[in-house]
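Written below as structure tokens is the structure these notes are about.
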Amino acid sequence: MSLSRYQQYRDSGVQWLGELPSHWNVTRLKYACTVMPSNVDKKSYDDEPSVVLCNYTDVYYNEKISPSIQFMPATASEEQIARFTLRAGDTLITKDSETADDIAISAYVPTDMPGVVCGYHLAIVRPKHGHDGLYIKRLFDSHYLKACFAVAANGLTRVGLSQYALDNVAIPLPPPDEQSGIAAFLDRETGKIDALIAEQEKLLTLLAEKRQATISHAVTRGLNPDAPKKDSGVVWLGEVPAHWDVLKGSRIGELFGSEPIPENQVHESGELPFIKVGSLSLEDFRIESWDWYVDGITAARCAPRRNFITFPKRGAAIFTNKVNIVECDALIDPNLMGWKIGERADIKFVAYILKVRRLEELADVSTVPQINNKHIGPEQFPVPPLTEQSMIVEFLDRETAKVNSLKAESERAIDLLKERRSALIAAAVTGKIDVRAAVPEELAA
């Protein structure tokens with residue numbers, strides 16, 4: 001779509017805005033909207049009326065607030081209900097978080113929502129008479145306001161936006177009919193882009209499923225569909241080729257933990273790599289980042305290993321199912337476990353099996369999730385002859401590379417679509433493009 005610029009521009013007087021169409025105004029947000037940071041928390045009091053709370057995550061993960069969202073039960077005073085109940089045309093924004101990137105995320109309220117109250121970490125931006133709420137929402141989606149609020153955010157452990165910062169941010173304001181036209185245009189065009197993004201995201205899901213299915217079939221059934229099968233005696237495995245062995249993890253290799261190295265002896269540079277959970281990659285078996293080391297003196301007291309599998313052994317990291325292969329001499333931190341594979345198995349074949357078996361299915365998750373020798377050692381895994389293991393690894397490397405290439409293309413497409421979406425919103429709400437001719441139906445309505 002090719003859209004022209006307005007015929008006449010003037011200096012907005014605001015450095016980040018630059019030039020605006022000559023008939024547009026610049027004003028403070030408080031003159032176009034009533035800004036109301038909420039003070040309604042999650043606590044319930046017996047003497048207060050019951051409500052449901054529109055919370056931080058409801059806004060963070062939804063562009064529009066709808067009755068289908070599962071809101072959190074809460075209570076609020078009569079005064080809070082009167083002030084913070086959601087109305088059609090409201091824009092909700094996140095007003096505080098751990099990082100500036102997570103503040104001023106916006107969601108639009110398209111219809112009155114009696115009984116739904118704005119929660120504590122949010123603020124309502126309610127347009128005054130003559131201003132379009134959806135246009136205001138699109139302003140919050142723009143690079144311009146995001147940059148303004150990133151600069152205005154303050155705090156130490158949490159950053160937030162003050163009432164003053166919200167009230168006094170400068171906004172471009174076209175005439176009311178143009179606000180509605182821009183909002184309708186962006187709603188239509190971003191809807192098209194969002195549909196394309198959804199298609200790509202669906203493709204990513206299908207590719208991930210195909211990748212997992214390909215690996216699972218190869219390491220549990222082999223490459224020859226006509227090979228005679230036998231019952232493995234293992235529930236998760238089922239039948240395997242009759243000539244394969246099924247061995248306990250303790251017979252496949254030696255499991256080991258970390259060495260007692262104080263945290264203050266781990267640095268960003270040094271002689272020997274020190275691997276943490278954050279060093280592991282999710283998509284393949286290679287260590288993603290080499291960020292931590294120990295010095296030569298510490299290294300001399302340790303017994304580093306090489307050519308071993310490593311994976312998370314405790315906490316939520318287990319659910320990432322990260323399985324990596326360390327080829328060089330290295331140490332691992334206490335949150336990781338190592339598995340030195342013996343001569344009967346190909347290290348990469350075992351890594352593929354472990355990805356299929358999934359760490360969270362092996363772990364004890366009753367309290368703090370954890371994996372140790374007692375979970376891996378007695379577990380039984382399929383072990384084909386070494387030559388066949390090598391063939392399976394070559395096949396999987398080749399097939400997963402194809403899937404990874406398609407995945408990378410899809411991710412690039414999503415990034416480009418998101419950039420296009422952001423650029424379109426920014427250009428429309430700051431008057432860099434004239435969309436009036438592109439929305440005759442919406443304007444007529």
Side-chain angles (χ1 to χ4, degrees), residues 17 24 26-38 54-69 84-95 101-113 116 118-119 121-150 161 165-167 169-194 197 418 420-433 435 439 442-443 445:
L17 271 179
W24 286 27
V26 177
T27 189
R28 302 292 176 186
L29 183 63
K30 64 184 177 183
Y31 297 127
C33 302
T34 301
V35 182
M36 297 177 287
S38 174
C54 182
N55 216 338
Y56 181 93
T57 53
D58 300 325
V59 168
Y60 198 89
Y61 295 109
N62 296 280
E63 277 241 326
K64 293 186 178 180
I65 301 299
S66 72
S68 64
I69 295 173
F84 297 116
T85 294
L86 306 190
R87 298 182 194 171
D90 286 348
T91 290
L92 303 183
I93 65 164
T94 57
K95 66 179 173 65
D101 293 336
D102 288 340
I103 60 173
I105 305 296
S106 66
Y108 181 66
V109 182
T111 184
D112 287 350
M113 301 189 67
V116 182
C118 178
H121 296 293
L122 305 174
I124 295 175
V125 181
R126 181 166 292 160
K128 295 180 179 179
H129 179 71
H131 298 296
D132 189 281
L134 191 50
Y135 172 79
I136 299 297
K137 189 265 190 274
R138 293 304 184 188
L139 276 175
F140 278 90
D141 291 341
S142 69
H143 293 313
Y144 165 68
L145 276 197
K146 288 185 185 298
C148 288
F149 289 132
L161 295 170
L166 287 165
D167 279 345
V169 66
I171 61 169
L173 211 58
D177 60 338
E178 265 185 80
Q179 292 180 37
S180 301
I182 290 169
F185 166 81
L186 288 175
D187 221 28
R188 185 186 69 199
E189 296 303 317
T190 58
K192 295 176 184 177
I193 295 173
D194 289 343
I197 291 173
K418 288 181 177 179
R420 165 65 178 162
R421 189 182 194 277
S422 296
L424 186 65
I425 291 170
V429 300
T430 58
K432 303 301 184 288
I433 54 175
V435 305
V439 285
E442 290 85 347
L443 285 174

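Both backbone and side-chain heavy atoms feed into the values below; hydrogens, waters and symmetry mates do not.
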> How many angstroms lie between atom OH of Tyr108 and atom CG of Asp141, to the nearest 0.5 angstrom?
Replying inline: 12.5 Å

>> Could you check whether Lys64 pairs with Asp187 (Lys NZ or Arg NE/NH1/NH2 to Asp/Glu carboxylate O, under 4.0 Å)?
In response: yes

>> Side chains of Pro172 and Tyr135, heavy atoms from C-beta outward: is any pair under 4.5 Å?
In response: yes

>> Using side-chain heavy atoms (C-beta onward) and a distance below 4.5 Å, is Val109 in contact with Arg87?
In response: no

>> What I'd like to find out is whether the side chain of Ser142 reaches to under 4.5 Å of the side chain of Thr430, using heavy atoms alone.
In response: no

> Looking at CD1 of Ile103 and NZ of Lys146, how far apart are the two atoms once the value is rounded to the nearest 0.5 Å?
Replying inline: 10.0 Å

> At their closest point, which heavy atom of Leu145 faces which heavy atom of Ala170, and how far apart are they?
Replying inline: CD2-O, 4.1 Å

> Would you call the rings of Phe140 and Phe149 parallel, tilted or perpendicular, where under 30° means parallel and over 60° means perpendicular?
Replying inline: parallel

> Between CG of Asp102 and NZ of Lys95, what distance do you get to the nearest 0.5 Å?
Replying inline: 14.5 Å

> Any donor-acceptor pair under 3.5 Å linking the side chain of Lys128 with the backbone of Lys30?
Replying inline: yes

> Closest approach of Val169 and Cys148, non-hydrogen atoms and distance?
Replying inline: CG2-CB, 4.0 Å

>> Apply side-chain contact (heavy atoms from CB on, under 4.5 Å) to residues Ile182 and Arg138 and explain how you reach the verdict.
In response: CA-CA 9 Å; Ile182 290 169; Arg138 293 304 184 188; 5.9 Å; no

>> Within this structure, what is the CD1-OG1 distance for the pair Ile124 and Thr85, rounded to the nearest 0.5 Å?
In response: 8.0 Å

> For the side chain of Asp90 and the backbone of Arg126, is there at least one donor-acceptor N/O pair under 3.5 Å apart?
Replying inline: no

>> Is the shortest side-chain heavy-atom distance between Cys54 and Val59 below 4.5 Å?
In response: yes

> Going through the distances and angles, do Leu424 and Ile433 end up as a side-chain contact (heavy atoms from CB on, under 4.5 Å)?
Replying inline: CA-CA 9 Å; Leu424 186 65; Ile433 54 175; 4.0 Å; yes

> Is the closest side-chain heavy-atom distance between Leu86 and Leu92 below 4.5 Å?
Replying inline: yes

> Which pair of heavy atoms, one from Trp24 and one from Ala428, lies closest together, and at what distance?
Replying inline: CH2-O, 3.6 Å

> Taking C-beta and beyond as the side chain, do Thr190 and Glu63 meet within less than 4.5 Å on heavy atoms?
Replying inline: no

> Taking atom CD1 of Ile171 and atom CG of Leu29, what is their separation to the nearest 0.5 Å?
Replying inline: 5.0 Å

> Is any side-chain heavy atom of His131 less than 4.5 Å from a side-chain heavy atom of Leu173?
Replying inline: yes

Contacts under 3.5 angstrom, residues 31-38 side chains, donor-acceptor by atom type, not counting sequence neighbours:
| unit_1 | atom_1 | unit_2 | atom_2 | d |
| --- | --- | --- | --- | --- |
| Ser38 | OG | Val40 | N | 3.1 |
| Ser38 | OG | Cys118 | O | 2.6 |
| Ser38 | OG | Gly119 | O | 3.3 |

> Hey, what do you get for CD (Glu189) to CZ (Arg420), rounding to the nearest 0.5 Å?
Replying inline: 7.5 Å

>> Testing the basics here: between Ser422 and His143, what is the closest heavy-atom pair and its distance to 0.1 Å?
In response: CB-NE2, 3.4 Å

> Can you tell if the side chain of Phe84 reaches within under 4.5 Å of the side chain of Leu122, non-hydrogen atoms only?
Replying inline: no

> For the residue pair Ser106 and Ile93, what are the closest heavy atoms and their distance?
Replying inline: CB-CG2, 4.0 Å

>> Does Val116 form a side-chain contact (heavy atoms from CB on, under 4.5 Å) with Ile65? I'd like the steps, not just the answer.
In response: CA-CA 10 Å; Val116 182; Ile65 301 299; 5.5 Å; no

